2 protein chains.
Amino acid sequence: MLWVIPVSTAHLRLIRDVAHHRSVSKAARLNHLSQSAASQAIAELERELEVSLFDRGRRPLEITSAGKLYLEYCKDVLRRDDELRASLDVLKKQMNGTARVAAIYSVGLSEMSEIEARFAARFPQAELQVQYLRPERVWEAVEMDEADLGLMSYAESSRELVALPWRDEEMVVAVAPGHALARRGFIPAAALQDQEFIGFDDDLPIQEQIDRYLREKKVTVQVVLRFDNIQMIKEAVAHGAGISIMPARVMREDIRQGRLIALRLKPAELYRPVRIVHRRRKIFNEVTSGLLDLLRQEDTRHAA
Amino acid sequence: MLWVIPVSTAHLRLIRDVAHHRSVSKAARLNHLSQSAASQAIAELERELEVSLFDRGRRPLEITSAGKLYLEYCKDVLRRDDELRASLDVLKKQMNGTARVAAIYSVGLSEMSEIEARFAARFPQAELQVQYLRPERVWEAVEMDEADLGLMSYAESSRELVALPWRDEEMVVAVAPGHALARRGFIPAAALQDQEFIGFDDDLPIQEQIDRYLREKKVTVQVVLRFDNIQMIKEAVAHGAGISIMPARVMREDIRQGRLIALRLKPAELYRPVRIVHRRRKIFNEVTSGLLDLLRQEDTRHAA
DNA sequence: AGCATATCATAAGAAAAACCGATATTGCAA
DNA sequence: TTGCAATATCGGTTTTTCTTATGATATGCT
């Protein structure tokens, strides 16, 4: 049993044209149909609606009052259809031509602009959308499909997301220019013994890693302050509140400007893993998979 | 080559339900379809639109941003569809249950209320819409299908309209109660010789008929005033401006109230033909053809 | 009025599509 | 990993839609 009338936009266009040109055959031609098919379609529609839309008993045919109502319906739906197609086109263009990346702050603007430059060279037409977020928001953004790729440290694959290796950033000791250790380029872990130390919040993976390292080296430090982000730690170190350990990369600008000094740990064994994160089984568009290639080929493990 | 996607409201309902329940199989059940058919329909739609509406690669499935756009489209169109159906239902009820009549003023309210009473007795559920118009507007209303039946005098069939006989109303001489002729019940045409006469406009059929009659009887009258409608003529006669000739029927109330007196012409040969007019090949609803029967069976030719 | 012409309706068969049942594949959770 | 439930796919059938050919009808012209 058929409950709904299978009226398609093709039908709507046909009816609209019939009403406009007051002719079935002309409307049929305009819609690439035989006159017969058009006639049948209209008759069928009228049968199903149980009203006559046109008075075909005179020529040129006349539209009935029911036909007028239906005509308005046709126009409204076709207008809405055009709207839909327009917005889908916009969306498609975006979806095919842009890659959306969410990155933690400490990946850094300067890092990103390098990547953006190479991306732009490879995909001149494409757009790269980057948003900087707190780590948990990066994860969320990828999970919610608000971003195609996420760049974040200490990420682990989960049921929802895959974490691919990207960089292992060497961690160094950050000191203020006036600090006692400031003149030495390399130091052993032991040199940190009893230093006033500015750490990350206890529950952050980076702090867990630092704690594990110091424990292994049997070094204890005096934690004087804790923050949940690198920016604050850098500021505190620069103000001489103590020393810290952080990825060398995030200090580059501060070193150049003389605000901070980096001391490399003698056997270099401490690295912050930064990973590329994406949804499992996600089908990337061309641009995004291109970007992914780009990122993975510069996979500079154990790089400064 | 297929240019338009044959999407029906059935499809729209399906998509809407899939989005709402986040399940193809549930939506399929709700729409009395097999899971297979639903799956194919969605896949086909996505193929044609060149976007994916749902991410079926996870469970429960997720709606994409294109899917959200499409969902809004579905809801809008389905809402518009409901609207259409509602207004068509109202229209159908009206069309099946009402007869629309356009009548000239001089058919008279009292005449019409008689007819209405008999109509109401025969079709208790039905509605009778009567509008009183000037003669040319009655013709127009029927021609434009604004009225199903027209009641007007001196109508002739044309290419567009058919005129059926209805009544031949006896024409009488109208005089004011104080007039010299007022005491006589019957008069010959000759009695009108040189009387001050109030006529219709020259180009009206009724006046042509009166002129022809007087010419035949070799009677001349002094036309002192002309109007294009009976109401004004009655008023002028009542005020003693002169006598006139008009259908007896339209004077009934004025006679009862003593405003006018009717003198029958001795050989009664002057009749105003009132006709029922309708569009050629018009298909009447039950109520209207019932009304037509009613009118034609009381076809009182040569009646007062 | 009757004929000519353009238009619409109808019939029958062909083409296209939508649909179903069965089965393979896949995502997810235990 | 295995099992379960949901989705995709395949092959074949049914239903719908379309086309061509032909019949009916309205209108205009002679």
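Chain naming here is simple, since letters A, B, ... match the order of the sequence lines and numbering starts at 1 in each. For clarity, every value in this text was computed on a predicted model and none was experimentally measured.
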Base D:dT27 paired with B:E160 side chain (donor-acceptor, <3.5 Å): no

A:R272-A:S106 side chain donor-acceptor pair, cut-off 3.5 Å: yes

A:R280 CZ - C:dT26 C1' separation (whole Å): 15 Å

Touch class at under 4.0 angstrom, heavy-atom based, for A:S25 against every strand present: sugar-phosphate

Whichever of B:A43 and A:G57 has its nearest DNA chain D nucleotide further upstream toward 5': B:A43

Lys/Arg-Asp/Glu bridge criterion (N-O < 4.0 Å) met for B:D55, B:R58: yes

Closest to the A:R56 side chain, choosing from D:dT7, D:dT27, C:dA9: C:dA9

Nearest-nucleotide comparison on DNA chain C, the residue closer to the 5′ end among A:R22 and B:Q40: A:R22

Rounded (10°) bend between the five-pair end axes of the helix from C:dA1-D:dT30 to C:dA30-D:dT1: 30°

Atom-pair distance (NE2 on A:H11; P on D:dC18), nearest Å: 6 Å

Parallel, tilted or perpendicular: ring planes of A:Y105 versus A:Y132, cut at 30 and 60 degrees: parallel

Value in whole Å for how far the C1' atom of C:dG27 lies from CD1 of A:I283: 13 Å

B:L14 CG - D:dT7 P separation (whole Å): 11 Å

Any A:S39 side-chain N or O less than 4.0 Å from OP1/OP2 of C:dA9: yes

Length of the CG-P vector between B:L45 and C:dC19, whole Å: 13 Å

Touch class at under 4.0 angstrom, heavy-atom based, for A:R281 against every strand present: sugar-phosphate

Rounded interatomic separation in angstrom, taking CD from A:E44 and C1' from C:dA9: 14 Å

Nearest-nucleotide comparison on DNA chain D, the residue closer to the 5′ end among B:L61 and B:R159: B:L61

Carboxylate-amine/guanidinium contact B:E46 B:R56, below 4.0 Å: yes

Side chain of B:R59 (C-beta onward), nearest among D:dA26, C:dG27, C:dA9: C:dG27

Basic-acidic side-chain contact under 4.0 Å: B:D17, B:K26: no

Value in whole Å for how far the P atom of C:dG27 lies from NZ of A:K282: 15 Å

Partner set under side-chain hydrogen bond (donor to acceptor under 3.5 Å, both in side chains) for A:E156, not counting sequence neighbours: none

Atom-to-atom span, CZ of B:R58 to C1' of C:dC28 - whole angstrom: 12 Å

Under-3.5 Å donor-acceptor pair between A:S36 side chain and D:dT20 base: yes

Base of D:dA8 paired with side chain of B:Q35 (donor-acceptor, under 3.5 Å): yes

Carboxylate-amine/guanidinium proximity below 4.0 Å for B:D89 and B:K92: yes

B:E286 atom CD: more than 12 heavy-atom contacts under 6.0 Å: no

